[in-house]
Structure formats: structure tokens, C-alpha cells
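Below: one structure, written as C-alpha cells.
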Amino acid sequence: MNAPIPLNLLLANPTEAPRLREIPYNYTSFSDREIVIRLLGLEAWDLLLRLRQERRTGRSARMLYEVLGDIWVVQRNPYLQDDLLDNPQRRRQLVDALHHRLGEVQRRRSNEDPERDAMVGQLLEAASRAVETFDAEFEAIASLRKKTARQLKKYTANDNIKFDGLARVSHVTDATDWRVEYPFVVLTPDTEVEMAGLVKGCIDLGLTIVPRGGGTGYTGGAVPLTWKSAVINTEKLEAMTEVEHISLAGLDQPVPTIWTEAGVVTQRVADAAERAGFVFAVDPTSAEASCIGGNIAMNAGGKKAVLWGTALDNLVSWRMVTPDAQWLEVTRIGHNLGKIHDVEVASFELRYFEADGKTPVRQERLDIPGKIFRKEGLGKDVTDKFLSGLPGIQKEGCDGLITSARWIVHRMPAHTRTVCLEFFGNAKDAVPSIVEIKDFMFAEQKRSNTLLAGLEHLDDRYLKAVGYATKSKRGGLPKMVLVGDIAGDNADDVARATSEVVRLANSRSGEGFVAISPEARKKFWLDRKRTAAISRHTNAFKINEDVVIPLPRMGEYTDGIERLNIELSLRNKLDLCDALDAFFAEGNLPLGAIDDAND
């Protein structure tokens, strides 16, 4: 995203090498180039580069950069914006100071070099326009805030329409930590009923709508890309039921289900299912923070996806608001209570209603071949966002806002053991064990009804990031770790299957450890939970059922990624060494005081 200044520009004037960042108060990841282009335009950046090579005292340049720095720090700090909105006199003083600095630059212009003076004049014109735009934006924002509050309070309480700095700062990014623009307003509706009206109101106001749940996504789906945006946070939509046995369309017998609103935290649904003796299949690593709406929009999976699939496989029905501010209710017909790609045809009924939720608009039916949803051997096909036109799922909020859903839950067998398999040596030799264990357990499921109820893989980079404590006496960090749940109604069958899984690991330079008690099993899975909030950046590769890599080729993929990481790292280090050699060879290093304020 950031474009660094090329080294040849740093060396253009050996008597004074310009700093990489000269715009003050810039605590963001944006470079000088990006800030200048945003505020003054691309042509202004080209002019600055040319003038940099001819810089004399640098005083005029400093004053111009101070103007840009003042504008930038206010634009990137909602608290300063609120302060200036509330204090017109202080805002006028700031704008006057910006004009004064530009006036000083104007006063220092010289006619000795007409071409250079013309470039300075163009920069001053662009900077003056930027200051005028900066000043006018406050009036426009204040006016739009009043209009927005007046429009949206028809649909929700005043307290749910948030313009304050805290709300905007906390909704500028998600788990990606990628910041582009602060939202104009954050909406926090109290009930599902309010959603359609808020969407309609935002459309009428010309605001870009950004749906948001727990903010745990790693794809940037909840990151605002324009200042004129409204983030609709669904976390207060947290109504849910306990497990209910209901009749489903196309099925003869009642099925255990749970109904939830979009803001319910995933772990709460899992806990409700467990209280009734069932299992909620959607189990991402962020289960203690992610919300149901996001699970549907991302088609989330998790360690249980190996057996019961992703969100798509476990949804009975869901409700959403379309970009036209209409209600849409989607119901699956004839649910197979398993993975959707196992059925010949998956059928869905779509019913549209006006914003009041009662007036019917139209009704249609989708009949989609089951094999369309996934390529063979994959748990989730993220290359197909369209999913044959099925709304809501895997669309990351682009075709509407999920507001509620009903899920099937599964009966967990009476006996469960958790295995932790540590593999040492070559990744390419160890990764095939994933395929072997999966194939063995699927065969075992048919033979004795013993299930592989969960499977997760962590490579050595993730293990380092979470501070993994090796269980093997070999010492050192494993190349990869597999954690899996093996469950069944017959304790002897579970024990036998667990022993065979450990034996398979031993044949691949691995060691196996088994946990039986609930407390011990929870400890085995603890490292997986830590991956949801790794404090250190890592380019590790974590595998589970919903990653779109065919399992038989996982070893080849892992080695290929590792090779790329090593090659690129070495190339970057060599390029840096070459650049430093060239820089130091020029001499005249920028040491000591430069740009004396008395110039």
C-alpha cells in the first residue's frame, strides 16, 4: 500500500538527503507520497519531487509540510475533528494559521528561475484549495450529521446513532488492523426489526453501508473504504433460543435446532447446544469473539468442519436485509443433516418482503446441484463467492446484512478422546499423515460409527507465535502439530481408533498424546484458541477443513510456501545491503543538524 521514495531520489542532491517522512504529525502507515496525493493530487507530488532536487534552505518546504501535517492529523483523528466541530473559533484560528504559513511561502517566492517559481505557484494553489476544502468539510460534516440523526432516529433510538470519536475509532478496522477511512457514523440497533429501516435511511442519505459483527475477520470485510460510510454493528442483536426440536420442510421427523440473532457470540451457541447434549458444528478459532452473522457471511468452519461441514452445511434458514432495504427469508428444503455436497440437489425457498417485514414482494426457489458448492476434496471453495446465486452465505456482507438464522445441531457420541500428534523432521513427509488419518477415520465411521469429530493443524510458525510447549521429550519445536477429537458410543472402539491414529503418526516421525478427561482435552485445544489473537505477526500456515488446498497436496504446498518465504527474505536482505552500499558510497551523510530554523 505504501510506496517508498526510490533511493535515487534520496541521492539526487548529495548535499542534503531528504528524509523519508517530512510531513509532521504523521503517526499512520501512510507515506508522504500517499498523503500528498490524497490532499493535493498526483501532479502536486510530481512537482514536489522535482523541487526536492533543487531545495535551497528548505524553510518553504517545511512550512508546506506543516500545513499538510496539520490537515492530515485532524483528518486521521476523530477526537480532534469533534473538538474543532464543537469549537468554531478554534477551527477558524487553525485555518487562519494554515493560510498564514502558505502566505509566508508565497512571500518567499523568487522570480530568478521562472520555471521553478511556476511550479511553486502550482503547489501553493493546490495547497490553498486543500485548506479551503478542509475548512468547508467541517460545515458539510456538521450538516450531514444533523440530517443523518434526523433521518435515522425514525428507525432507532438516538443513542444508537454514534458520531463520537470512540465509536468511529473502534470501527475503523477489524482483525486485519488495516485502516483506510474512519466511518462517518456507527449504528448499533437494539432489535432485528430496526435493520431494514436503517438500511433504507442510509441509502437515502447516500452512505455506504458496512455490516459488522465481532470484528474478528481477516479479510477486511468490515473495513470502511470511504469516509461517507455507515457501519451497522449487529452485536446487540443477541436473542437466541435453547435447543428446539422442530419439523423442517421436506423432513418427516423433528430435528434439534437453535435460533439465533446475528449478534450472538458463537461460543454462546456452542454452550447452549452442549447444555442439551448436542454439538454446534460451526467452531472457528475466534468462537469466543466472533458473531453468528459473520459466520454466515464468511461461511465459517472450524475444527468440527471435518465431520459436519461449514456454516452452509448447517443452516436451516436465515433472514437478511437486501441492498434494496427489503427483507429476505431463505429456507432450505429437505435438509440432509450433513454436508451439502453429498446431496444430488440442494433446494432453497426465497421469500422477499417490503421493509415492514409483512408485505410480500415475490417468492422463488433455487435448486442447486450439491457438487457445485465445493470442488472435490475441498472443505470450502472460496473461489466461488456466487454459490449459484444463493444469497448471504460467503458474500462477506456484499449482498445484504444477516439478521438471524436457525441452525441444526448434532448429537455428540458418549465417549470422546483428544489426540495431540507432534511431527518432527520434514513437513513434506509429515503432512500426508493428515490424509491417512482422515481416510482411516472415515472408514472407521462406517465400520464402528466412531467419528473424527474435530481436526486442526498448526505449523511451526504458528507454534512459535502461540508459545507452544512441546509435549515430546525430544525437545525442540515440532514441524507441525495435529489435534483431533475421536468420538463414539463404544468406549473400546474409541480407544482402539485412537491407538491406530497414534500408530499412524509414529510411522511419520511423529509422537502421539491422548487426553481423556474433559479438563485434559480442553488443554490440548487451548493452543488452537490462542491462534485467534496472536500478538506477533506471522506468515504461518494453518490448515483446517475449510482451507481450499486439496489435502493430498498439502505437503507440496507447505514446502512451496516455505521456499518462497526463504527466497523472498534473502532477496530483500541482499537488496537492502546493495542499497546501503550505494548510499554510503555517496558520502555527505545527513548527520547532525539540518534545515536550520534560522534559514
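Start at 1 with the first residue, then count along the sequence.
For K385, the NZ atom sits in a packed shell: over 12 heavy atoms of surrounding residues, nucleotides or ligands are nearer than 6.0 Å. Applying the 6.0 Å contact sphere to NZ of K200 captures no more than 12 heavy atoms from other residues, nucleotides or ligands. For Q106, the CD atom is densely surrounded, since the number of other residues' heavy atoms within 6.0 Å is greater than 12. Other residues, nucleotides and ligands place no more than 12 heavy atoms under 6.0 Å from the CG atom of D159. Under a cut-off of 6.0 angstrom, the local environment of CD in E364 is crowded, with over 12 non-hydrogen atoms contributed by other residues, nucleotides or ligands. In K371, the NZ atom is not crowded: 12 or fewer heavy atoms of neighbouring residues, nucleotides or ligands sit closer than 6.0 Å.
For Y25 and W72, the ring centers are positioned 6.0 Å apart or more.
A salt bridge links K236 with D190: at least one charged nitrogen is closer than 4.0 Å to a carboxylate oxygen.
With sequence neighbours left out, S229 forms a side-chain contact (heavy atoms from CB on, under 4.5 Å) with P183, T208, V210, P224, T226. Applying the ring-ring contact (aromatic ring centres under 6.0 Å, His included) rule to F134 yields the partners F138; only residues at least two apart in sequence or on another chain are considered. For W327, the ring-ring contact (aromatic ring centres under 6.0 Å, His included) test picks out no residue, with sequence neighbours left out. Applying the side-chain hydrogen bond (donor to acceptor under 3.5 Å, both in side chains) criterion to N336, with sequence neighbours excluded, gives R332. Taking E242 as the reference, R275 meet the side-chain hydrogen bond (donor to acceptor under 3.5 Å, both in side chains) condition, with sequence neighbours excluded. With sequence neighbours excluded, no residue satisfies salt bridge (Lys or Arg N to Asp or Glu O under 4.0 Å) with D46.
Counting only distance, with no hydrogens or angles, the side chain of D70 and the backbone of V67 share no donor-acceptor pair below 3.5 Å. Proximity of a side-chain donor or acceptor of S170 to a complementary backbone N or O of A167 within less than 3.5 Å is detected.
Shown here for D399 and P391, the closest heavy-atom pair between the two residues is OD2-CA, 3.4 Å. Shown here for S388 and I372, the closest heavy-atom pair between the two residues is OG-CG2, 3.2 Å.
No side-chain heavy atom of Q75 sits less than 4.5 Å from a side-chain heavy atom of R38.
In this model, no donor atom of one side chain and acceptor atom of the other lie less than 3.5 Å apart for N572 and S569.
When each of K304, R374, Q394 is checked for a side chain to side chain donor-acceptor pair (under 3.5 Å) with T310, only R374 meets the rule.
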**Prompt:** Which is it for R91 and D83 under the salt bridge (Lys or Arg N to Asp or Glu O under 4.0 Å) test, yes or no, and what are the steps along the way?
**Reply:** CA-CA 9 Å; R91 184 169 78 239; D83 180 65; over 6 Å; no

